[in-house]
Structures are given as structure tokens and as C-alpha cells.
Amino acid sequence: MKNESENNSSLSLEEIFEQRIANDEKIEPKDWMPEKYRKTHIRQISQHAHSEIVGMLPEGNWITRAPSLRRKVALLAKVQDEAGHGLYLYSACETLGVSREELYEQLHSGKAKYSSIFNYPTITWADMGAIGWLVDGAAIINQVPLCNTSYGPYARAMVRVCKEESFHQRQGFEIMLTLCKGTEVQKQMAQDALNRWWWPALMMLGPTDDVSVHTEQSMKWKLKRKTNDELRQQFIDQTVPQADILGLTIPDPDLKWNEKTGHYDFGEINWDEFWQVVKGHGPCNKERMDARVGAWERGTWVRDAAMAYAEKQQNRKENAAKAV
Amino acid sequence: MNKNWPLWEIFVRSKNGLEHRHFGSLHAADAEMALENARDVYTRRSEGVSIWVVESKYITASNPEHNGELFEPAQDKVYRHPTFYDLPDDVKHM
């Protein structure tokens, strides 16, 4: 078989690159890539990594107060997975030539974004159920297509993330199911959590197609396989029957099965709220960043001590070798 | 002092009989910590029975821009493959 670039001698580097992606070839770290491809991927992968890391905070809030040991080990494992997912993604992002330090700096300075859903508070135990069911549910819909994205390290990280994510959603649904089968007060707690998380979960799938600025380019690079509106519809269509099983009511009076389209029609999303939260005015933006930056700063001496210890050990080894 | 933890490449053998495979990378102060972190980051669900860690700076990689001179010479050497050789059908076990 001939090398593809030989047949394409008249094409520019960029055209060859686009053709490789169109042919479903993967791009690997040392391959030539347009600067815009690199930048877009750094932005999206790091944003994704930051979301995993900040996403630990609302759930970490309930680890010490989980209602049973079973719930506690599951929640702990879920939060640990999120740390792991953040680390897979940071390391995938670093293959694009950005350092971990820079990535943290972008998060801590507010230059980089993370998923705005994590700026909502977790005020009852039922929120652990709603987050697993709805937030992880929406995340899975967003993430599954990324297992086939064009950038190799990102695609490989996503395969691992998606494999682990389905336990997250199931543990959340089980929490909801248990509450719904419990006392009237417990069922109300589940309904209240659904009421508060439903709309933010729909917003998680991103702005509507007509205002989404990155969609077209991202589709071309297979960073996106479906548009935000398609993903949102898919999420609604598969979640409504799950709410029926729980016996809960989705807080949308306009939600209705549409026989003609074969999908659910749904009400207007409050995009003002979405943009407010994105811009930093959500209920917990400041709290999340304070927690994150504080943990990083308080950990400085630990990181330094580990480095000093590693150097001391290394010197000892070298001196011992000289002595022999 | 502000010294960042170096980057390590992580290789995991998923079960005996299989080779170690590259799983990803992580930061750690030294090799021992890299092993411990690798266990937590890459083998939370029994994905491995053995881990190798190598500091990333010690890996030398080929440059994809030189793929032509590196790998193309193998493409016209079809005589390295068994199907290159014509044998009568009644020759068995070959």
C-alpha cells in the first residue's frame, strides 16, 4: 500500500490532515496538526478534566454523612473515579504540549471553565441520587461519542472514562429508587432533588445549536458527533421513562410525548440562568474555586517535601554507588 | 522552592501471559510514588497484575515526519510474506 502523503503531493499539510480525519484516522501527539486543532483540543480536554476535579466537591460534601456503609463506599469510589478521570484527561491534554502547572493555573485563575452544573449546591442526600442519575446520565450522553474522537490520547482516555461512568449513574438511580420506595418525606426529598437538578442537567448539554459557536468545527474534527440539541433530545427521551419508573414528576409543564416526531416536546430553558452561572454568578462558583485553590495552596509544602525526599534518596543512592 | 513533580509513563500487564501495555501517564516525585499513584489511577478495577513506570524524559520516540524513510522500505518487500511464494495446490502442510 502506498503512503497516503505520496498520493497527495499537491495538497497542503492542512488538507492532508483534514483528509486523514475524514478517513477516520487517529491523530497522535507527535503528528503534525494545525495550531487551531491543538488549541481547541487543549481547551476542550482541559475543561473536561477541570469538570471532573471540581465535580468531586459537591459529592465530597456528603461522604461523611452517607446514610449507610454501602452508600458510603459507593460514593467514595465514585468520587475517587472522578479524580482518576481528571488525571486521565490532564495527562491526555499534556500530550498537546501544555504543562500540568499551566492547566491548574488556568483553572485557578478562572481563565478556564468547568461544567457549570457543579456550581449548584448539594443540600440533601437525595442530591447524590439526582446527580448520579441526571448529571452522570447527561455526561454519558456527551461522552460516549468522544470515544471515537480524532485525537488518539483523548479517545483512549474517554474509553476508560465511559467504562467506569455507568456505575455512577446506576448508583445514583438506586439512591433515587430507594427514596421513592420509602416514606412520603423521603419521596418528597427525591422529588425536590429532581426539581432542582432537572433544568441544570438539560443545560449541561450546552447552548442551543443556533448559538453554539464551536459546533461546526468540532463536528469536522469529530470532537463532537451530534449537536447539543440532538444530545439534549436524546437525554430527555431516555430520562422521562426512568422518572416514570421512580414515580416522580419532571418539573416541566410543557413536557409532552409527540406522536408525530417520536420525541418528547419540552419547555423553554432559562438560558439567562445558564450564562449567569457560566460567568461566575452561580450559587457556589466562589465556594468551589476557594475549595480548589485552597487545597492546592495548602498542599504546596507536601509536594515540596515529596520532591525533597525524592532528591535525598537519589543522592544517597548515588553516593552509595560511588563508595563501592 | 517550586519544583514540579516529573511526568511518568505507566505500563500495565493486565494478566500473566500478556505484555505490558502503555496505559497513560501521571506525575509523581519518584518511582515509588509513581507506582503507588499508578495503582490508584489505572488499576482501580483489577486491570493489572504488574506495573512498570518510566520517567517520560527517558523515552526516545521516532518522529512521524520520518515515517517514510523508517517504515516504507518494508512495503515493497513482499517476499517476506508466505503468500509471495507460488506452490502447487497438492503440496500439503506448508
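Reminder, nothing fancy here: chain letters follow the sequence lines and each chain counts from 1.
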Requested in this report: Examine whether an atom of Glu32(B) lies under 4.5 Å from a heavy atom of chain A, and if so say whether it belongs to the side chain, the backbone or both; otherwise answer neither.
Outcome: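 No part of it gets close to chain A.
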Requested in this report: Identify which part of Phe71(B) has an atom lying under 4.5 Å from any heavy atom of chain A, answering side chain, backbone, both or neither.
Outcome: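 No part of Phe71(B) comes within 4.5 Å of chain A.
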Using 0.5 Å steps for rounding, measure from the [atom1] atom of [X] to the [atom2] atom of [Y].
X         : Y         : atom1 : atom2 : value
Trp5(B)   : Asp304(A) : CH2   : CG    : 10.0 Å
Lys163(A) : Glu47(B)  : NZ    : CD    : 7.5 Å
Leu26(B)  : Tyr88(A)  : CG    : OH    : 11.0 Å
Ser99(A)  : Asn4(B)   : OG    : CG    : 7.0 Å
Leu7(B)   : Thr95(A)  : CG    : OG1   : 10.0 Å
Glu94(A)  : Ser56(B)  : CD    : OG    : 8.5 Å

Between [X] and [Y], what is the shortest heavy-atom contact and its length?
X         : Y        : value
Gly84(A)  : Val41(B) : O-CG1, 4.5 Å
Ala306(A) : Ala29(B) : O-CB, 3.6 Å
Asn63(B)  : Lys30(A) : CA-CE, 4.3 Å

Using a cut-off of 6.0 Å, state whether more than 12 heavy atoms not belonging to [X] lie near its atom [atom1].
X        : atom1 : answer
Tyr58(B) : OH    : no
Lys77(B) : NZ    : yes
Arg45(B) : CZ    : yes

So [Y] and [X], do their side chains get closer than 4.5 Å, heavy atoms only?
X         : Y         : result
Pro6(B)   : Met307(A) : yes
Glu311(A) : Lys3(B)   : yes
Asp81(A)  : Arg44(B)  : yes

**Report entry** Pair Glu101(A)-His27(B), side-chain donor/acceptor within less than 3.5 Å
**Finding:**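 Judged by distance alone, the side chains do not pair up.
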With a 4.5 angstrom heavy-atom cut-off, which part of [X] approaches chain B: side chain, backbone, both or neither?
X         : result
Glu164(A) : both
Arg156(A) : neither
Phe167(A) : side chain

**Report entry** side-chain contact (heavy atoms from CB on, under 4.5 Å) between Met33(B) and Tyr309(A), worked out
**Finding:** CA-CA 11 Å; Met33(B) 190 196 282; Tyr309(A) 176 77; over 6 Å; no
